[in-house]
Enquirer: 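Quick one: the structure is below, and I'll ask about it shortly.
The first residue in the sequence is number 1, and the count goes up from there.
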Amino acid sequence: MKNFYYLILLLFIGNSFTVSAQSGKQKKADRLYNDLAYFEAVEVYKDLIENEYNTTYNNLKLGDSYMKLRSPENAVFYYGDAINTEGVKSEYYFKYAQALRGVKRYDESREWLKKYRDSGNASEDVDEMISKNIEDFKIIDNYTLETVDFNSGFSDFGAFEKDDIIYFVSARDEGMSKQNKIYSWNGEPFLDVYQLEGGNISPVSGDVNTILHDGPISITKDGTHMYFTRNNYLNNKKGKRDSEKTNNLKIYRATNSNGNWTNVVELPFNSNSYSAGHPALSPDEKTLYFVSDMPGGLGGTDIYKSEILGDNSYGVPKNLGSVINTSLDESFPFVTEYNVLYFSSNGHPGLGLMDIFKADMATMNLEVENLGAPVNSNMDDFAFFLKNGTNLGYFASNRDGTSDDIYGFNLLKPLLLKGQVTDKVNLKPIPLATVSLLNEDNEQIAFLETDEDGNYEIEINRDKEYPIEARQIEYEVSTGTVNSFNTLDKEELIYNIQLDPIRDVDYLAEINNIYFDFDKSNIRPDAAKELDKLVDLMKNKYPELVIEIGSHTDFRGSNQYNEGLAKRRAQATYDYLISQGIAPGRINDYKGYGETQPEIDCERCTSKEHQLNRRSIFSVVKMN
């Protein structure tokens, strides 16, 4: 019996020790997470899950960690194991939806966004995300991409070109003597600013790089000043942390002294309590754009602007407002020479985690547009830069599932599809013809009308096939396919269209029927007026048109008499056309059919029905 109680005591002590050990490991995992050491926290959370300790909680925290590490495929797995558990907070519906978008499971993402909204989290941002399908994103610009040859095996982003020198941010830790200091967030070295000049890569000279994170940057046109992001660190000293022990980001300015960036000063609107970073200059360099999570924003990080008043003197930062900023994160602003703002966001509807958007700041009605593929992907796309006076630039992405890489792009000029719609017979232009472009599902995506010279034009995307239709009431419908492949060296694509006239003389000349009086064959004045329309058509529009005349009678009189009367009517019609200058060879034949081909087949015909049967009609023999 003593042995039995001894065994029970050992089991109790052993279980208590195990629980205590897991409890300690839980505290370690959460401490690492709260210290932003997600790379290390992942392994501890995994170990806790394997030991079936606080499984739901740790699955969610592991999902959070992987989202911080920008690994949505892993986040989806661990969120998915916990998301349907009773008691899970609705905020995780949103996080799960974001992770699903990162792995292109867009329909599922939308359903979880609906659950998030229906759980009392309604907002305009969420409603917009739900309402948008990936197919809704119009590709507004055409880009060709290539990875640059100065990427490393670590994070590289924030490329900025000035005077043939490419500046960029990298975690490669080359020549910085940081003694292999590792950033616990992602297990990579801290970031520094490098430059590529004449094929050689080196850290920028001077006092910009430190033992903490440095970059990205923006440089003034005259090359005098560099604005850059850095952790709170100045004069070789770390600054104060905030209440959560975070060393926030700040914006600094360095001065160029013979190629060395020195005299680093802190911008006055920085704070130890919040972050500010990602500086970008307006075209006239009178405004500084930047990103911050300062109090009073719309949520997450927002884009602000501040007037540059003088030497390190700035106006009060102004939030760009709800058209640009959302309840989530906006970052990496860049303003082109034409005052177009490019930025990244995970709050506007997009293809993945962070997408690149643009907004023309010069317009009254500000509108945000997603750049679409190939610039945006299901992962993070950010740090857009366009070199002044060119269509060349850079952005960064982790779309390959590893570290951030820099991509070079060529923003191609719009491809202009243009052409002329002409008559296939006389080759004359056809005004007011309609031209429709279709998509692969045969749905109309563009509707055009030709001008007085039969011309049309529209901007289209490259590397696509567009079914096309052209119509005009006097012509047969023409269909074809516009192919915009292999057009990178072109700015225009010519696609001319010829329409076949409808082979109906009455329709083309807008002729009313040629009628005759009872038992007569002379051309009445009303008939002469209609025949003049035919003369105009044959002389001026289709000078090679060859026709045939057929004349008819009503049912009154014998068959033999009516046949002779019809021939006299055909002769009279023929004679009138010849008298008006139509060459005899252009009237192939003129025949009388008597009463054998009535317009109205009636036994006891009315006067009106008899009149309709007394007529001459025309048919096309040849048009060219």
Side-chain angles (χ1 to χ4, degrees), residues 36 68 70 155-160 167-171 183 185-186 188 190-194 204 207-220 225-234 238-242 244 246-254 261 264-282 287-306 308 312 314 316-320 324-326 328-335 341-347 354 356 380-385 395-396 404:
L36 313 183
K68 295 291 186 181
R70 318 314 286 163
S155 291
D156 302 283
F157 64 93
F160 183 100
Y167 300 86
F168 62 98
V169 183
S170 180
Y183 183 36
W185 182 306
N186 58 9
E188 289 192 347
F190 279 74
L191 299 167
D192 285 308
V193 181
Y194 289 81
V204 293
D207 302 324
V208 170
N209 291 322
T210 65
I211 61 172
L212 298 181
H213 287 306
D214 307 290
I217 72 162
S218 183
I219 300 176
T220 56
H225 292 121
M226 174 191 289
Y227 292 89
F228 64 98
T229 309
R230 178 198 282 173
N231 282 117
N232 189 357
Y233 188 96
L234 187 62
K238 292 182 181 179
K240 291 183 179 180
R241 295 173 178 263
D242 63 16
E244 296 181 356
T246 299
N247 185 314
N248 285 303
L249 298 175
K250 291 187 175 184
I251 301 175
Y252 299 85
R253 192 194 71 182
W261 295 100
V264 175
V265 295
E266 178 182 337
L267 270 58
F269 51 74
N270 287 326
S271 172
N272 295 331
S273 301
Y274 56 79
S275 284
H278 304 175
L281 290 162
S282 63
T287 303
L288 184 71
Y289 292 84
F290 64 96
V291 174
S292 180
D293 60 353
M294 67 176 63
L298 301 182
T301 57
D302 287 353
I303 299 176
Y304 291 79
K305 66 179 181 179
S306 177
I308 301 175
N312 208 36
Y314 304 85
V316 176
K318 295 181 180 179
N319 191 296
L320 292 195
I324 300 295
N325 294 314
T326 68
L328 296 180
D329 297 317
E330 281 66 50
S331 59
F332 291 96
F334 173 78
V335 186
L341 170 69
Y342 287 82
F343 65 98
S344 290
S345 172
N346 60 4
M354 296 289 289
I356 299 174
D380 292 310
D381 307 291
F382 58 100
F384 183 98
F385 169 81
F395 72 97
D404 302 320

Enquirer: From Ile303 CD1 over to Thr326 OG1, what is the distance, rounded to the nearest 0.5 angstrom?
Expert: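 One finds 9.5 Å between CD1 of Ile303 and OG1 of Thr326.
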Enquirer: If you measure from CZ on Phe334 to CG on Leu281, what distance do you get to the nearest 0.5 Å?
Expert: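 It is 10.0 Å, given to the nearest 0.5 Å.
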Enquirer: Looking only at heavy atoms, which two atoms of Tyr252 and Tyr233 are closest? And how far apart?
Expert: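 Result for this residue pair: OH-N, 3.1 Å.
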Enquirer: Please confirm whether the backbone N or O of Met354 pairs with a side-chain atom of Ser344, one donor and one acceptor, at under 3.5 Å?
Expert: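 No: the side chain of Ser344 does not pair with the backbone of Met354.
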Enquirer: Can a donor-acceptor pair be found, under 3.5 Å and without considering hydrogens, that links the side chain of Asp214 to the backbone of Arg230?
Expert: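 The answer is no, because no donor-acceptor pair under 3.5 Å joins these two groups.
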Enquirer: Roughly how far, to the nearest 0.5 Å, is OH of Tyr314 from CZ of Arg253?
Expert: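 It comes to 5.0 Å.
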Enquirer: To check you understand the geometry: which heavy-atom pair defines the closest contact between Ser271 and Ser273, and what is its length?
Expert: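 In terms of heavy atoms, the two residues are closest at OG-N, 2.9 Å.
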Enquirer: Between Glu330 and Ile324, what is the shortest heavy-atom contact and its length?
Expert: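 Closest heavy-atom pair between Glu330 and Ile324: CG-O, 3.6 Å.
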Enquirer: Which atom pair, heavy atoms only, marks the closest approach of Asp329 to Gly300?
Expert: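 Closest approach of Asp329 to Gly300: OD1-CA, 3.2 Å.
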Enquirer: Going by the rule side-chain hydrogen bond (donor to acceptor under 3.5 Å, both in side chains), which residues pair with Ser306 if we only count those two or more places apart in sequence or in a different chain?
Expert: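 Applying side-chain hydrogen bond (donor to acceptor under 3.5 Å, both in side chains) to Ser306 gives none.
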Enquirer: What's the spacing between Asn209 CG and Phe228 CZ if we round to 0.5 Å?
Expert: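 Spacing of CG (Asn209) from CZ (Phe228) equals 8.5 Å.
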Enquirer: Taking atom CG of Asn325 and atom CG of Leu298, what is their separation to the nearest 0.5 Å?
Expert: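 Rounded to the nearest 0.5 Å, the CG-CG separation comes to 5.5 Å.
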Enquirer: Do the non-hydrogen side-chain atoms of Ser218 and Phe160 ever get within less than 4.5 Å of each other?
Expert: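 Yes - at least one pair of side-chain heavy atoms lies under 4.5 Å apart.
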Enquirer: As a quick check of understanding, evaluate side chain to side chain contact (heavy atoms under 4.5 Å, CB included) for Phe332 and Ile356, giving each step before the final call.
Expert: CA-CA 9 Å; Phe332 291 96; Ile356 299 174; over 6 Å; no
Enquirer: Would you say the side-chain atoms of Asn232 pair up with the backbone N or O of Lys240, donor to acceptor, closer than 3.5 Å?
Expert: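 The answer is yes, because a donor-acceptor pair under 3.5 Å joins these two groups.
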Enquirer: Keeping His213 on the side-chain end and Asn231 on the backbone end, is there a donor-acceptor pair under 3.5 Å?
Expert: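 Here the side-chain-to-backbone pair does not exist.
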Enquirer: Starting at OH of Tyr274, measure out to CZ of Phe269 and round the result to the nearest 0.5 Å.
Expert: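 Rounded to the nearest 0.5 Å, the OH-CZ separation comes out at 8.0 Å.
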Enquirer: Hey, is the main chain of Thr287 close enough, under 3.5 Å, to the side chain of Ser282 for a donor-acceptor pair?
Expert: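 Looks like yes, one N/O pair under 3.5 Å.
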Enquirer: If we only count heavy atoms from C-beta on, is the Ile308 to Tyr227 side-chain gap below 4.5 Å?
Expert: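 Touching, per the 4.5 Å side-chain cut-off.
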Enquirer: Taking side chain as C-beta onward, heavy atoms only, is Leu328 less than 4.5 Å from Ser345?
Expert: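 They are not in contact (no side-chain heavy atoms under 4.5 Å apart), so the answer is no.
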Enquirer: Does any non-hydrogen side-chain atom of Leu320 lie less than 4.5 Å from one of Leu341?
Expert: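 In short, these two side chains touch, coming nearer than 4.5 Å.
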Enquirer: Would you name the heavy atoms of Phe190 and Ile211 that are closest together and state the gap between them?
Expert: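 Looks like CG-O, 3.8 Å.
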Enquirer: Asn270: what forms a side-chain contact (heavy atoms from CB on, under 4.5 Å) with it, not counting sequence neighbours?
Expert: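 For Asn270, the residues satisfying side-chain contact (heavy atoms from CB on, under 4.5 Å) (neighbours in sequence not counted) are Lys250, Ile251, Glu266, Leu267, Ala276.
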Enquirer: If you look at every heavy atom in Val208 and Val193, which pair is closest and at what distance?
Expert: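 What the structure gives for the nearest pair is CG1-CG2, 4.1 Å.
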Enquirer: Pairs of donor and acceptor atoms involving the side chains of residues 288-295, under 3.5 Å and at least two apart or interchain, shall be tabulated with distances.
Expert:
| from | atom 1 | to | atom 2 | distance (Å) |
| --- | --- | --- | --- | --- |
| Ser292 | OG | Ser275 | O | 2.7 |
| Ser292 | OG | Met294 | N | 3.0 |
| Asp293 | OD1 | Ser275 | N | 2.8 |

